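I have placed the structure first, in the form of structure tokens, so that the comments after it can refer back to it.
Just so it is clear, the structure is predicted and the values come from calculations on it, not from any experiment. No hydrogens, no waters, no symmetry mates; every other heavy atom, side chains included, goes into these values.
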Amino acid sequence: MSFAKSVLAILLCCVMALPGFAQTPELSGGQHHFFSWITNNYVGHPLPRVPFEDSPRLEKLMRAGTIYLSLRDAIALALENNLDLEYARYNPKLAQANLLRVSAGALLRNISSSITSGPSSATLGVLGGTQLGSGGTSGNSGGGSGQGGVLSGLNVQLQGTAVPNLDPVLFLTGTFTHNTNIETATNITGTNFLVSQYKSYVYGAQEGFLTGTQVTAYMSNTIGVSQNSPFNQFNPYSQATLNLSVTQNLLQGFRPSINNRYIRVAKNSLRISDLTFKNQVMATVVSVVSLYWDLVSDIEAYKVYQQTLDLNTRQYNDNKRKADLGAIAPIDIIQAEAEMKASQQDVTNSRTQVLNQETILKNYLTRGAIDNLAVIEAHIVPTDHFDVPGQEIVSPIQDLITEAMTNRPDVEQSQIGLENSRITTLGVRDAMLPVLSATASTSNSGLAGQVNTVPGPGGVQQFTPSTVNGYFLGGYGNVLGQIFGRNFPNYSAGISLTMTLRNRSAQADLITDQLNYRQQQIQDRQLHNNIKQNVVNARVSLEQSRSAYETAVEARRLQEQVLQGSRRKYELGTATILDVIIAQRDATTREQSEVGARNQYIHARINMENVLGTVLREHEVNIDDAKTGVVGRPPDLIPAVR
């Protein structure tokens with residue numbers, strides 16, 4: 001009786017493994033109904049659509065066809081609307097789905113770990129293009145190099161010990177059979193044609209475990225067997241067999257550490273997907289900051305050209321008035337007019353570059369800017385101005401390297417990639433072992449039926465309840481009573497060994513994995529070396545750009561004095577108009593050099609933040625806001641329009 005209780009417990013466990021009792025994480029919520037506890041795991045769950053509408057922040061920053069944009073709001077708009085970030089938000093969800101998949105014993109699927117950088121800024125009259133990679137933080141983000149093909153496709157994962165199916169499988173088959181067999185003799189069946197008719201059912205459950213164990217419990221039933229043979233004591237009759245078998249791997253595929261390796265890799269991939277997303281946020285913020293300050297520099301350059309045009313226009317008008325009075329030669333008017341026309345062309349080109357840069361920035365900060373006519377026609381007015389600090393904070397190079405190693409996501413990604421390679425190599429090494437498995441099974445059978453009433457040929461005695469074994473008289477309930485009463489038990493145990501004598505394929509797979517791991521170690525060292533080199537280069541670039549900016553400021557100041565002196569000399573008649581034009585050109589060049597030097601300094605600082613991995617901290621970006629695509633901070637106030 002105790003055995004019957006144990007069998008019943010196994011059956012109840014199988015029932016508890018039904019999808020209705022399982023709790024499976026859903027990717028999205030759905031409407032539940034009465035039978036959802038049964039059908040939930042057999043229907044697709046629709047995901048919410050991709051929103052292509054811009055956040056309301058953009059409208060709040062617009063006034064009279066102008067977008068008043070601070071750097072903080074530009075970053076906030078990118079976190080809310082940028083499509084690169086929206087694309088990257090699906091990678092953690094894909095990693096969760098991958099974990100759900102391997103938890104059932106399936107193979108890993110490919111997950112992208114690429115990083116997309118923003119577009120380059122506009123050059124003279126040319127829109128910038130989009131590039132791949134994230135500059136200082138890209139590398140093989142997501143552990144691509146460290147994974148060694150683990151996440152690159154299913155074909156690579158076919159190497160190594162097979163992972164057991166961890167989801168319980170319920171099976172049920174039912175058949176109806178009617179057979180007519182021609183008999184050449186009647187001494188066995190009592191008839192020249194034996195007609196058999198019955199229904200059969202087989203149902204059970206099977207499940208694998210991380211220990212390398214596989215358990216199968218099933219029950220086969222043959223119900224209502226009826227034949228036209230008068231020699232059968234029972235007709236119709238039913239019989240059934242309850243079977244329980246356990247197979248245990250003893251060498252290959254024996255340990256949980258082998259069979260759960262993909263689950264561990266998938267859990268690590270969850271962290272990799274978070275780091276990849278953080279890397280994408282950093283790349284996006286770097287692009288936004290660069291595009292914003294490039295727009296500021298383009299506007300400053302435009303103002304310089306506009307100021308030069310105003311001066312040249314005033315000079316032309318003054319010369320024209322003096323020529324009318326006969327104070328100067330007509331050639332001075334021609335020279336002044338030629339310079340004025342050249343300045344007009346510079347203003348036109350500079351304005352075109354500003355408009356192109358605005359288009360690039362608007363497209364990067366919105367999801368459908370091209371579809372919104374108001375956004376297309378709106379001009380961007382940056383409300384922030386970059387002030388070069390009076391003194392740089394000097395940090396030891398070793399401290400900067402330590403900070404970069406601590407903050408940069410790709411460093412941790414590379415380490416996780418190496419760990420994943422070590423985990424998957426366990427399966428390849430385990431596959432070198434022979435296949436040794438032990439099997440034990442037990443079964444109980446039962447049979448019951450009614451007395452055969454088919455009349456036989458002459459001289460054959462008719463069966464009666466008193467002439468047959470009464471133990472087998474009854475229905476299907478008697479069959480179950482015999483099974484759970486263990487009246488007809490069967491037991492078996494065995495062992496199976498399979499060995500590949502030379503085992504060259506498994507050896508080659510292990511050698512390949514070990515060589516790949518060595519290559520990944522080299523790539524990890526290259527990553528660390530590149531980070532150190534980038535930190536050194538970034539600091540040198542920052543120092544040089546600051547020195548260049550200070551020199552440009554001083555050169556511009558001195559040239560302004562030269563221009564003032566040339567104008568005074570021209571008014572006194574000791575200098576020609578050509579001297580003034582040359583001095584004005586040099587002054588414009590010096591002002592543009594200052595604008596360019598300031599922009600180079602800004603980019604050097606951005607690059608330093610990027611290399612050190614401090615971009616998000618420096619610009620106060622909350623990674624949780626980036627994950628949700630909703631920035632809680634309200635837009636900055638629009639400055640008063642004068």
Side-chain angles (χ1 to χ4, degrees), residues 113-118 120 131-148 268 271-290 293 388-389 391-422 515-549 597 599-619 621 623:
S113 59
S114 61
I115 301 298
T116 304
S117 67
S120 56
Q131 301 172 346
L132 295 178
S134 65
T137 60
S138 152
N140 281 301
S141 57
S145 63
Q147 303 273 344
N268 288 341
R271 178 57 181 166
I272 288 179
S273 64
D274 289 337
L275 293 172
T276 302
F277 180 75
K278 182 179 180 181
N279 223 346
Q280 181 62 66
V281 175
M282 293 173 62
T284 302
V285 171
V286 168
S287 297
V288 170
V289 175
S290 298
W293 290 123
V388 178
Q391 187 175 3
E392 291 294 331
I393 299 177
V394 180
S395 299
I397 191 65
Q398 193 60 39
D399 292 347
L400 295 177
I401 293 176
T402 301
E403 186 175 12
M405 297 297 180
T406 303
N407 295 326
R408 287 184 52 156
D410 48 356
V411 176
E412 185 177 353
Q413 287 172 326
S414 180
Q415 293 300 314
I416 296 176
L418 289 172
E419 175 62 20
N420 283 348
S421 291
R422 287 191 290 266
L515 293 176
N516 286 336
Y517 182 73
R518 298 295 183 268
Q519 289 180 328
Q520 293 157 24
Q521 287 180 315
I522 295 173
Q523 290 178 337
D524 181 71
R525 176 56 62 89
Q526 288 177 328
L527 174 64
H528 285 72
N529 291 342
N530 289 338
I531 290 175
K532 295 175 183 179
Q533 179 182 350
N534 290 339
V535 170
V536 174
N537 292 342
R539 192 177 75 163
V540 171
S541 177
L542 184 62
E543 293 173 351
Q544 293 299 319
S545 61
R546 180 180 180 84
S547 176
Y549 171 73
N599 191 40
Q600 290 298 321
Y601 175 80
I602 294 173
H603 279 276
R605 286 185 64 91
I606 297 172
N607 183 54
M608 175 62 78
E609 296 170 356
N610 195 18
V611 169
L612 296 179
T614 60
V615 174
L616 304 184
R617 184 184 66 194
E618 294 292 338
H619 297 280
V621 175
I623 194 67

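Of the inter-residue distances, the one linking L400 atom CG with K532 atom NZ reads 13.5 Å to the nearest 0.5 angstrom. Here the CG atom belonging to L612 is positioned 10.5 Å from the OG1 atom belonging to T406, to the nearest 0.5 angstrom. I623 contributes atom CD1, which lies 9.5 Å from atom CE of M282 (distance to the nearest 0.5 angstrom). Here the CD-CD1 distance, from Q519 to I522, works out to 6.5 Å after rounding to the nearest 0.5 Å. Here the CG atom belonging to N407 is positioned 10.5 Å from the OG1 atom belonging to T402, to the nearest 0.5 angstrom. In this structure, CD1 in I531 is found 5.0 Å from CG in D410, a value given to the nearest 0.5 Å.
Side-chain contact between V288 and H619 is absent, with no heavy-atom pair separated by less than 4.5 Å. At least one side-chain heavy atom of I397 sits under 4.5 Å from a side-chain heavy atom of V535.
Scanning both residues, N268 and I416, for their nearest heavy atoms gives CB-CG2, 3.6 Å. The minimum heavy-atom distance between S287 and G118, with the atom names listed, is OG-N, 2.9 Å. Between H603 and S290, the closest heavy-atom pair is CE1-CB, 3.7 Å. Scanning all heavy atoms of the two residues, the minimum distance from L275 to P409 falls at O-CB, 3.8 Å. The two atoms that bring L418 and Y517 nearest to each other are O-CE1, 3.5 Å, heavy atoms only.
At least one donor-acceptor pair closer than 3.5 Å links the side chain of N530 to the backbone N or O of Q526. In this structure a side-chain-to-backbone donor-acceptor pair under 3.5 Å is present from T276 to I272. Between the S541 side chain and the N537 main chain, no donor and acceptor come within less than 3.5 Å of each other.
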Check the pair K278 / L616 against side-chain contact (heavy atoms from CB on, under 4.5 Å), numbers first and verdict last. CA-CA 9 Å; K278 182 179 180 181; L616 304 184; 4.0 Å; yes
Applying salt bridge (charged side-chain N to carboxylate O under 4.0 Å, His left out), run through E403 and R617 and close with a yes or a no. CA-CA 13 Å; E403 186 175 12; R617 184 184 66 194; 2.8 Å; yes
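Between R271 and E419 no salt bridge is recorded (no basic side-chain N to carboxylate O distance below 4.0 Å). R546 has no carboxylate O lying under 4.0 Å from a charged side-chain N of E543, or vice versa, which leaves the two without a salt bridge.
For the side chain to side chain contact (heavy atoms under 4.5 Å, CB included) with V611, the qualifying choice from Q533, R539, R408 is R408, the only one to do so.
For the salt bridge (Lys or Arg N to Asp or Glu O under 4.0 Å) condition, the pairs that include at least one residue of residues 602-611, sequence neighbours left out, are E392-R605.
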